[in-house]
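Index from 1, following the sequence. Both ligands and their constituent atoms are indexed starting at 1 by order of listing. Quick caveat: nothing in here was measured; it's all calculated off a predicted structure.
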Amino acid sequence: MIEEKNGVFPAVCPLDCPDTCGLLLHKEEGKIVKVTGNPDHPITQGAICNKVRNMTERIYHKDRIRYPLKRTGPKGSGQFERISWDEAVSEIASRYRELIAEYGSECILPYSFYGNMGILSVDGMDRRFFNALGASRLDQKICNAAGNAGWKYTMGFKGGTSPEDTEYADLIIVWGGNLISTNMHQVVIAEKARKRGAKVVVIDVHKNRTAQWADWFIPLYPGTDTALALGVMHVLFRDGWTDEVFLKRYTVGYEELREHVKSYTPAHVAAITGVPEEDIEKLARMYGEASVSYIAIGNGLQHHDNGGMNVRSIACLPALTGQWLKQGGGAVKTNGGYGAMDSDYLERPELRPNPEARSINMNRIGEALHMQEQPIKAVFVYCSNPLVVAPDTERVQAGFAREDLFTVVHDLFMTDTAKYADIVLPAASSFETTDLYASYWHHYVQLQEPVIGKIGEAKGNVELFAMLGRAMGLDEEAFMETEEEMIARALNYPENPYLNGVTLPALKEQRFVKLDMTPQASYLDRLPTPSGKIELYSEAMKAAGLPPLPEYVPLQEGYDGNHRPGKDEPYPLMFISPPNHNFLNSTFANVEKHQRLEKEPQLQIHPQDAAERGIGDGDSVVVYNKRGKLELKAVVTDKMLPGTVISQGLWWEGQGRKQRANALTADRLSDMGGGATFFSTAVQVKRQ
Ligand SMILES: Nc1nc2c(c(=O)[nH]1)N[C@H]1C(S)=C(S)[C@@H](COP(=O)(O)OP(=O)(O)OC[C@H]3O[C@@H](n4cnc5c(=O)[nH]c(N)nc54)[C@H](O)[C@@H]3O)O[C@H]1N2
Ligand SMILES: Nc1nc2c(c(=O)[nH]1)N[C@H]1C(S)=C(S)[C@@H](COP(=O)(O)OP(=O)(O)OC[C@H]3O[C@@H](n4cnc5c(=O)[nH]c(N)nc54)[C@H](O)[C@@H]3O)O[C@H]1N2
Ligand code: SF4
Ligand SMILES: [Mo]
C-alpha cells in the first residue's frame with residue numbers, strides 16, 4: 001500500500017476511543033488527502049468523528065518531530081538539537097547501562113498509556129523491552145481502574161452487553177458518560193432504539209452534549225451516584241419490581257441487599273444527590289417497568305474517591321430486574337475482556353531478570369519522581385503526555401524538571417512532557433506501521449498495515465523497542481520477530497474462546513473479523529466471581545476492607561458533614577474536567593484546526609455561583625486550590641447544579657496562560673483498583 005501513490009486504503013482508528021472505527025485513507029500522489037469512515041465496518045458503518053476526519057492536519061502537521069533530538073537548553077525550555085538515530089540509541093543504551101550498574105535496573109521507569117491502541121505498540125514489543133531490561137513496572141491505572149475493579153467485584157468478567165443488541169432496549173441510561181463525544185456509534189444504535197420507542201436518560205453532573213440529546217437529563221452532585229443507585233434499588237425492592245427468580249438463580253446477597261437499601265429512602269437520597277424525590281421515584285419506576293433496559297456506564301463517575309463503588313453499585317441494577325437474560329439488556333463498563341489476547345506471549349514476562357520488580361501507579365508519577373529511597377533515575381515516556389494528563393501537574397512537572405533524571409520521550413510532537421526530555425525520538429503515526437486493533441466496546445478485530453511511508457526519520461513503537469532491545473544485547477529472539485509473526489501468534493490463544501476464528505489470514509482477507517460470541521450465551525452460568533454468581537454481597541470486598549454491599553461514601557474534598565457541597569469550605573466548588581469533543585485526551589490539543597473547533601478553554605459556572613463572586617459571562621477567571629491554578633474564560637450557565645464547575649478538555653500549556661486542568665487535581669487514589677480521582681477536586685473561583 002505504501003508504494004501505491006493513488007487509491008483508497010483500509011485503516012483503523014488508533015485512538016483511545018471505544019468505537020475503533022474502520023477508516024478509509026484516500027491517497028493522492030503518495031499523500032493521504034482525506035480520511036473517511038469505512039462503510040463496510042459492521043458497527044461503525046462509515047460514520048466517523050470530526051477529530052479523525054481532520055486527521056491529516058495532525059499526520060502532516062509542520063510541528064511533527066522528524067528526527068531524534070537532544071536537549072541543549074534547560075529542561076522545559078524546548079531547546080534541542082538534531083542528532084542521528086545511532087547517537088540517540090547509543091546514548092540511551094550507555095546511560096541505561098551506567099544507571100543499572102549504579103542503582104539497579106528498577107531505577108528505570110516506563111511511562112505509557114494508549115496514545116495508539118495498537119496491541120504490538122503498547123502491550124507488546126515495548127513490554128518485552130522493559131521486562132528484559134528489568135525496569136520498574138508501571139501500574140496503568142489512569143483511565144478506568146476504579147470502575148473496572150467495581151465491575152469485577154460484582155460481575156467477575158470484563159464484558160457486558162453486545163453493542164448491536166442495545167438496539168432492542170426500550171430504556172437506555174447513559175450514566176456518567178458523554179457518548180456523543182466519546183462513543184458516537186452507541187448513540188447511533190440508541191437512536192435506532194429510540195425510533196422503536198425507547199427512552200434515553202442521562203445521569204450526569206452537567207448537561208453535556210449527550211444530555212442535550214437525551215429524553216431526560218438528571219443532574220446530580222459529583223460522586224453521589226452510589227446513593228442514587230441505592231435509591232433506585234430501594235424503590236425496586238419496595239414496589240416489587242425485582243425479578244426474584246433471577247435473583248435466586250444468578251446472584252448472591254439479594255436478601256442482605258433488600259434489607260440494606262431500606263434506609264436509602266428517596267427523601268434521604270434526594271438530600272445526598274440533589275435529585276428530587278419524585279425524580280428518584282420516576283427513574284426507579286422507568287427502570288422497573290422497562291422490558292429491556294441497558295445502562296452505558298461512563299468513565300466520568302469512576303474518576304472519584306468513591307469511583308469503584310459507583311460502578312459496583314450501578315452494576316447491581318441489571319441483576320435486580322433480571323436484565324441479563326434479555327437481548328440488549330444489561331450494562332457495559334468495558335467489553336475489553338472478550339478480545340483478550342495472549343499477553344504472556346506478547347509481553348514475555350519471563351524475560352524479566354527480577355520478577356519481583358516494584359510497580360509504580362501512574363497516577364502517582366509526581367510523587368514517584370520525588371522518592372528518596374530507590375529513586376527513579378530514568379523515565380521513558382511513550383504514547384502518553386503526563387505533564388497534561390496526570391494529576392497534580394505542579395508536582396509532576398517538578399519531578400520531570402529534576403536535573404539528575406534521564407528522560408526519553410517518543411512522540412509525534414513536542415508535547416509539554418517532551419520539552420522536559422533529554423532525548424526526544426520521532427514516533428511514526430499508526431498509518432505508517434503494522435499493528436493489531438481490538439475494541440473495548442464492539443466485537444470486531446482489525447489489522448492496520450502501513451499506508452504511507454514514515455515521516456522524516458520516525459519509527460513506530462515496535463521497531464523502536466526491538467532496536468533498543470537488540471542494541472542493549474537483551475534477548476535476540478524476542479526482538480527479532482516481525483509484526484506479522486507477533487500478530488499471528490498473539491491471536492492463537494485457545495484460553496480465550498472468543499478469539500476462535502480470528503486469525504491473521506482472516507484479518508487480511510476480511511479486514512473486520514468478529515469475535516466468536518458463542519460463549520456469551522452461557523456467560524451467567526460461569527461468572528469468574530468467587531461464588532460464580534453476580535455478587536450483590538461480596539465477601540471479596542469485605543476481605544479487602546471495603547463495604548461488602550453497595551454503600552455511599554462521600555468525597556474527600558469540598559463536601560460538608562451533610563454530604564452537601566460545603567459552602568463554608570475554603571474551596572467550595574467541585575471542579576470537573578472531562579474530555580471535550582474535538583480532542584482525544586491531550587491529542588489534537590496542539591492542532592490549530594481542532595483548537596479552533598473548541599475555541600478556548602472555558603469554565604462553566606452556575607449563575608448563582610457566578611453572582612456570588614461578581615463573575616459575568618465572558619469574564620476571565622482564576623480557578624485555584626492548594627495544588628495550583630488555572631486561568632479560564634467564564635461561561636455562566638445553569639447546565640449543572642450550583643456548586644459544580646466544569647472545564648472540558650485537556651489543553652496544553654500555551655500562549656503564556658495557565659490552562660492545564662490537572663494543575664488542580666489530586667493524586668489520591670480511588671476506593672478500589674488504584675484509580676485516578678480527577679473529578680473529586682474542590683476549588684475556589686475568582687474574577688481576574
Ligand atoms: N472526543 C473525545 N472522545 C474520547 C476521549 C476524549 O478525550 N475526547 N477520551 C477517550 C477516553 S480515554 C475515555 S476513558 C472515554 C471517556 O468517555 P466517557 O466514558 O464519556 O467519560 P468522561 O467523558 O470522562 O466523563 C463523562 C461524563 O461524566 C461526568 N461526570 C463527572 N463526574 C460525575 C459523577 O460524579 N457522576 C456522574 N453521573 N457523572 C459524572 C462528566 O460531567 C462527563 O459528562 O472517552 C474516550 N473518547
Ligand atoms: N483532568 C483530567 N485528566 C485526565 C482525564 C480527564 O478526563 N480529566 N482523562 C484521563 C484518561 S481517561 C486517560 S485515558 C488519560 C489519557 O492520557 P494519555 O494516554 O497520555 O493520552 P494523550 O494525552 O492522548 O497522549 C497520548 C500521546 O501519545 C502520542 N502517540 C500517539 N501515537 C503514538 C505512537 O504510536 N507512539 C508513541 N510513542 N506515541 C504516540 C500522542 O502524540 C500523544 O502525545 O488521561 C487522563 N487524564
Ligand atoms: S476517535 Fe473514535 S469515533 Fe473518532 S474515528 Fe476514532 S474510533 Fe471513530
Ligand atoms: Mo481513558
Side-chain angles (χ1 to χ4, degrees), residues 14-19 49-51 58 111-118 121-122 126 140 142-144 147 174-184 202-211 218-225 228 296-304 306-307 310 362-363 381-386 388-391 409-413 415-418 425-430 432-433 435 458-462 464 555 574-590 640 644 646-650 652 660-662 664-665 676 678-681:
L15 298 176
D16 187 352
C17 168
D19 298 42
C49 67
N50 207 25
K51 306 181 285 292
R58 174 173 157 82
Y111 194 96
S112 70
F113 208 62
Y114 293 93
N116 172 355
M117 294 288 293
S121 288
V122 282
D126 56 321
Q140 293 179 297
I142 206 164
C143 178
N144 51 13
V174 181
W175 203 322
N178 184 13
L179 307 190
I180 285 196
S181 300
T182 62
N183 184 190
M184 62 178 267
V202 168
I203 303 172
D204 206 286
V205 299
H206 81 126
K207 196 167 188 180
N208 59 25
R209 284 180 189 241
T210 314
I218 306 178
L220 82 177
Y221 292 129
T224 62
D225 301 85
L228 182 59
I297 308 179
N299 232 31
L301 54 75
Q302 57 94 64
H303 278 319
H304 278 295
N306 55 15
N310 288 334
M362 69 188 296
N363 297 313
V381 181
Y382 61 102
C383 286
S384 185
N385 185 9
V388 178
V389 305
V409 175
H410 181 230
D411 204 298
L412 288 81
F413 291 98
T415 59
D416 287 2
T417 311
L425 302 172
S429 78
S430 68
E432 297 156 41
T433 57
D435 216 323
K459 287 189 195 297
N461 294 15
V462 177
L464 169 68
L555 303 183
M574 293 310 293
F575 173 78
I576 311 284
S577 54
N580 63 11
H581 192 69
N582 293 293
F583 301 167
L584 199 298
N585 300 319
S586 82
T587 298
F588 299 116
N590 63 321
M640 52 275 160
T644 301
I646 310 275
S647 181
Q648 287 181 281
L650 295 176
W652 298 16
R660 290 182 297 199
N662 282 314
L664 302 170
T665 59
F678 294 113
F679 302 159
S680 297
T681 298

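- Ligand-side atoms of ligand 1 in range of Ile203: 38 (N), range being under 4.0 angstrom from any heavy atom.
- Using a 4.0 Å cut-off to heavy atoms of Gly223, the atoms of ligand 1 that qualify are 34 (C), 35 (O).
- Residue Leu220 places a heavy atom less than 4.0 Å from ligand 1.
- Near His581, the atoms of ligand 1 lying under 4.0 angstrom from a non-hydrogen atom of the residue are 1 (N).
- Screening Ile203, Thr224, Asp225, Val205 for a side chain to side chain contact (heavy atoms under 4.5 Å, CB included) with Leu301, the sole residue that qualifies is Asp225.
- Interface atoms of ligand 1 facing Asn208, defined by a heavy-atom separation under 4.0 Å, are 44 (O).
- Distance alone, capped at 3.5 Å, places no donor-acceptor pair between the Asn310 side chain and the Gln302 backbone.
- Side-chain atoms of Asp126 and Tyr382 form a donor-acceptor pair, as typed in the model, at a separation below 3.5 Å.
- Across all their heavy atoms, Ile142 and Ala390 have their closest contact at CD1-CA, 4.0 Å.
- Atoms of ligand 1 lying under 4.0 Å from at least one heavy atom of His206, given by number and element, are 42 (O), 44 (O).
- Taking every non-hydrogen atom of Asp225 and a distance limit under 4.0 Å, the qualifying atoms of ligand 1 come out as 34 (C), 35 (O), 36 (N), 37 (C), 38 (N).
- Distances between N or O atoms of His304 and those of ligand 1 include at least one value under 3.5 Å.
- Using a heavy-atom distance under 4.0 Å as the criterion, the protein contacts of ligand 2 are Asp16, Arg58, Phe113, Tyr114, Gly115, Asn116, Ile142, Cys143, Asn299, His303, Tyr382, Cys383, Ser384, Asn385, Val389, His410, Asp411, Leu412, Thr415, Ala427, Ala428, Asn461, Ser577, Pro578, Pro579, Leu584, Asn585, Ser586, Thr587, Leu650, Asn662, Phe678, Phe679.
- Against a heavy-atom cut-off of under 4.0 Å, Ser181 is close to the following atoms of ligand 1: 1 (N), 2 (C), 3 (N).
- Checked by atom type and distance alone, the side chain of Asp435 never pairs as donor or acceptor with a backbone atom of Ser430 at under 3.5 Å.
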Passes side chain to side chain contact (heavy atoms under 4.5 Å, CB included), Leu228 versus Trp175? Steps please. CA-CA 11 Å; Leu228 182 59; Trp175 203 322; 3.9 Å; yes
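- Using a 4.5 Å heavy-atom threshold, the side chains of Asp16 and Leu584 count as touching.
- Annotation: Gly298 places no N or O atom under 3.5 Å from an N or O atom of ligand 1; distance criterion only.
- Ser384 and Asp411 make their closest contact through O-OD2, 4.1 Å (heavy atoms, listed as atom of the first residue, atom of the second, distance).
- Taking the six-membered ring where the residue is Trp, the centroids of Phe679 and His303 are separated by under 6.0 Å.
- For ligand 1, the atoms lying closer than 4.0 Å to a non-hydrogen atom of Trp175 are 38 (N).
- Leu650 is not listed as a side-chain neighbour of Phe678, based on a closest heavy-atom distance of 4.5 Å or more.
- Applying side chain to side chain donor-acceptor pair (under 3.5 Å) to Ser181 and the options Lys51, His581, Gln648 leaves one that passes, His581.
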